[in-house]
Structures are given as C-alpha cells and as structure tokens.
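Any value given below was found using the heavy atoms of this structure, including those in side chains, with hydrogens, waters and symmetry copies removed. In what follows, chains are A, B, ... by sequence order, proteins preceding strands, each numbered from 1. Treat the numbers as computed from the prediction; the structure is a model and nothing was measured.
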Protein chains: 2
Amino acid sequence: MKRDSRLSGVLHVLLHMAQQPGPFTSETLARAMATNPVVIRRIMAGLRDLGYVGSEKGHGGGWTLACDLSKVTLRDVYAALGSPSLLAMGNRTEAPGCLVEQAVNAALDQAFGDAQALLLSRFGEVTLAMLGDDLRKRVGSRKLQGMSAHGA
Amino acid sequence: MKRDSRLSGVLHVLLHMAQQPGPFTSETLARAMATNPVVIRRIMAGLRDLGYVGSEKGHGGGWTLACDLSKVTLRDVYAALGSPSLLAMGNRTEAPGCLVEQAVNAALDQAFGDAQALLLSRFGEVTLAMLGDDLRKRVGSRKLQGMSAHGA
DNA sequence: CGATCATGTAACATATAAAGTTACATGAAA
DNA sequence: TTTCATGTAACTTTATATGTTACATGATCG
C-alpha cells in the first residue's frame with residue numbers, strides 16, 4: 001500500500017488555518033498543499049463531524065477553526081480521520097488454526113501492540129497549540145535570516 | 001496499501017522447519033502456508049544471503065536451517081527481508097520548504113521514530129528459539145485435548 | 001549423457017488502499 | 001437567479017504486496 005499521509009496533511013491544513021483568521025476555501029487550502037480541493041474536503045470531513053472545524057457554503061463560506069487548539073491533540077485528529085492503520089506490517093492470518101502460526105502471531109502481536117500504544121500515547125501528548133508554538137519559533141529564527149514562512 | 005505480512009510468513013516457515021529435519025522444498029513449504037512456491041523463494045532469499053538458511057538444487061534439494069536459533073532474533077529476520085517500512089503513515093513531503101510542514105513533520109517524526117525504535121527493540125528481544133519454546137508449550141496443551149499441531 | 005527435480009529470477013497479473021480528478025447536487029450569499 | 005462553496009459519488013492513477021507463469025541454472029539419478 002501507499003504510505004498514508006492524511007494525518008500529516010490535515011495537520012498542515014489546521015496549522016495554516018491557525019496562522020490567520022478564516023474562513024478558508026478548500027480551493028485555497030488545496031493550493032497551499034499542492035493538492036486537490038476534494039482531498040481537503042475528504043480529510044476535513046471527520047474533523048467537521050466532531051466539531052473541531054466548521055464549514056459554510058456559498059459566498060464568504062469555507063472552513064474555520066472551531067476548537068480550542070490547546071485542547072485538541074494529534075490523537076484526537078488521528079481519531080477524526082477514522083483511526084487508520086498505524087503499522088505497515090501484520091499477520092498473514094488473524095485467527096489461524098495452525099499452532100505454528102499462532103506462536104508467530106503471539107510474538108508479533110506483542111511487539112505490534114506495544115508500538116501502536118506508544119505511538120498513540122505520543123500523539124496524545126501533543127496539542128495543536130504546541131505545534132503552533134513550535135511553528136512560531138521556526139518563523140522567528142527564519143526571520144532573522146530575512147526569509148518568509150514560505151520562503152524557498 | 002496492503003498490509004505487509006512477509007515477516008509473519010517467513011517466521012512461520014522457519015518455525016515449521018525447526019520442527020523436523022529438512023530439507024524442505026519450496027513446494028512443501030508453500031503448501032503449509034497456502035501460498036505459492038515462488039513467494040517462499042522470494043521471502044527466503046534474504047535469509048539465504050545472510051546464511052541463516054541454505055538452499056540446494058536438484059534431487060533431495062530444498063531449504064535447510066543453517067543458524068543457531070537461539071542467536072537469531074526477529075530483528076535479524078526483519079533485516080534479512082530488507083527492513084521494509086514498519087509504519088503505515090508518513091509525511092506528505094520529506095524535506096519541505098514550508099515552515100508549517102516542517103513543524104508538522106518534526107512532531108510526527110518524533111512519534112514515528114519512537115514507535116519504530118520500540119518495535120525494533122522488541123524484535124531484537126525475541127529469538128527464533130524462544131518462538132520454538134512457545135510453540136512447544138502450545139503443542140503440549142493442545143495434546144491434552146487430543147488434537148494435533150495442525151488440528152482444525 | 002539425458003531425464004528429472006529444485007532453486008533463481010524475470011515478467012506479468014491481481015488485490016488493496018491512498019491520492020487525485022471529474023461531475024454534479026445542495027445550499028447560501030450577492 | 002446567478003455565483004460561490006461545500007458534499008459526495010464515481011472514476012482514474014499510483015504504489016506496493018501478493019500471486020502466477022515461464023524459463024534458465026544447476027544438481028542428482030538412472
């Protein structure tokens with residue numbers, strides 16, 4: 001399978017939105033991410049359903065942030081995407097009759113479970129506000145070099 | 001992307017081989033795993049190159065174990081497969097000019113890196129011999145119920 | 001030596017899932 | 001009522017694992 005970059009993408013969108021007042025059209029956000037407006041709507045749908053963002057149709061419509069950035073973690077955003085698979089590997093057969101495969105599965109599941117739990121835990125420790133703070137630092141140090149946030 | 005089950009598959013093969021003296025043809029191993037002989041050869045190629053198994057052509061040929069099972073870990077086997085991606089998720093762009101994406105990548109890379117490191121560490125703690133021991137326990141308890149290792 | 005067996009490998013086919021695209025319906029504002 | 005923007009279905013493209021066919025290579029058996 002292709003590598004899933006939806007979390008990366010939706011975080012990019014949210015952080016862009018946090019930099020200035022909205023609303024933002026899917027068209028605008030898509031241009032900023034070099035992708036298609038429909039892709040934006042797709043990855044934002046879950047966040048809208050959970051109330052993290054709002055969307056309005058028609059003139060002056062678009063997407064707006066609708067949550068406290070210091071309260072929403074990467075784990076919340078991940079869940080809003082539908083909690084897609086975290087690991088690229090898995091067992092050949094989930095409930096095998098073969099004891100050999102059961103032994104292999106048991107060992108792998110232990111390791112897989114630990115890694116998934118750690119990843120989710122790390123996601124839970126990072127809020128969108130923290131990402132924003134980090135971004136501000138990066139902008140600050142780049143300004144010292146006379147470059148803009150999107151500068152080459 | 002489809003879930004990668006090569007590690008699961010190759011461990012299954014190795015553990016089957018450890019249960020009785022070889023050699024085993026790709027044909028035989030493929031039947032035990034409900035797959036194709038070429039798939040067996042493919043996932044075993046890396047292990048052969050590293051000397052964990054041997055292969056012989058012609059009459060009486062096939063695959064044989066060629067390592068100390070108590071010395072080879074799941075991590076070694078994983079490496080022999082070519083160290084395929086562990087995580088199903090990744091960043092949209094690896095080296096972005098956009099500072100927003102850099103901030104997102106930094107946060108995600110931290111979490112991804114931790115999870116990968118933990119997974120590799122867990123793999124490194126489990127030897128093939130340990131899998132064999134676990135299998136023997138499973139066979140033992142199933143025998144108490146009057147069933148065979150491949151029983152329904 | 002020649003037939004058979006088994007691996008080695010390239011080439012092609014299939015399956016799955018993300019990402020991108022097109023088309024059109026829905027609804028809000030000018 | 002025209003225009004704008006989202007909502008969504010359907011289709012295409014791309015990437016990757018898996019499965020399959022075909023054939024070359026080399027070893028053993030007769």
**Message:** Over all strands shown, is B:G60 touching base, sugar-phosphate only, or nothing at heavy-atom distances under 4.0 angstrom?
**Reply:** nothing

Legend entry - A:T25 side chain near D:dA5 phosphate (N/O to OP1/OP2, under 4.0 Å): no

Handout entry: Distance below 4.0 Å between A:S55 side-chain N/O and D:dG7 OP1 or OP2
Key = yes

Side-chain donor/acceptor contact of A:K57 with base of C:dT26 under 3.5 Å:
yes

Judged by nearest nucleotide, the residue sitting upstream toward the 5' end of DNA chain D, B:S5 or A:W63, is A:W63

Rounded to whole Å, CG of B:D49 lies from C1' of C:dT9 at a distance of 13 Å

Original post:
Would one find a side-chain N or O of B:R48 under 4.0 angstrom from OP1 or OP2 of C:dT9?
Top reply: yes

Student check: side-chain heavy atoms of B:H16 and B:F24 closer than 4.5 Å: no

Checking C:dT7, D:dT28, D:dA15 against the side chain of B:H59 (C-beta onward), the nearest is D:dT28

Worksheet item: Is there a donor-acceptor contact under 3.5 Å from the side chain of B:S5 to the main chain of B:S8?
Response: no

Given the options A:D133, A:L15, A:L69, A:L128 meets side-chain contact (heavy atoms from CB on, under 4.5 Å) only with A:L69

To the nearest angstrom, the CG-P distance between B:L29 and C:dA6 comes to 12 Å

Here the distance between atom C1' of C:dA18 and atom CE of B:M89, to the nearest Å, is 12 Å

Assert: residue with more 5' nearest nucleotide on DNA chain C, out of B:G61 and A:P84, is B:G61

**Prompt:** Would a hydrophobic clustering, with Ile, Leu, Val, Met, Phe, Trp and Tyr connected at side-chain separations under 4.5 Å, put A:W63 with A:V38?
**Reply:** no

Ranking D:dT20, D:dG19, C:dG20 by distance to the side chain of B:T35, first place goes to D:dG19

The nucleotide from C:dA11, D:dT3, C:dT21 with an atom nearest the side chain of A:N36 is C:dT21

Taken to the nearest whole Å, CD1/A:I40 to P/C:dG20 is 9 Å

Among the nucleotides C:dT21, D:dG7, C:dA18, whichever has the atom closest to the side chain of A:R42 is C:dT21

Per side-chain contact (heavy atoms from CB on, under 4.5 Å), B:L87 is matched among A:D4, A:L87, A:L86 by A:L87

Output for pair (A:S141 OG, B:L99 CG), nearest 0.5 Å, gives 7.5 Å

When rounded to whole Å, the CG to P distance for the pair B:L87 and D:dT16 reads 15 Å

The residue, A:R6 or A:G58, whose nearest nucleotide of DNA chain C is more 5′ is A:R6

When rounded to whole Å, the NZ to C1' distance for the pair A:K2 and C:dA15 reads 15 Å

A:L47 CG to D:dG7 P, in whole Å, measures 12 Å

When rounded to whole Å, the CG to C1' distance for the pair A:D4 and C:dT16 reads 13 Å

Q) OP1, OP2 of C:dT7 versus side-chain N and O of B:R41: anything below 4.0 Å? A) yes

Taking for B:I43 and for A:A45 the nucleotide of DNA chain D with the nearest heavy atom, the one nearer the 5' end belongs to A:A45

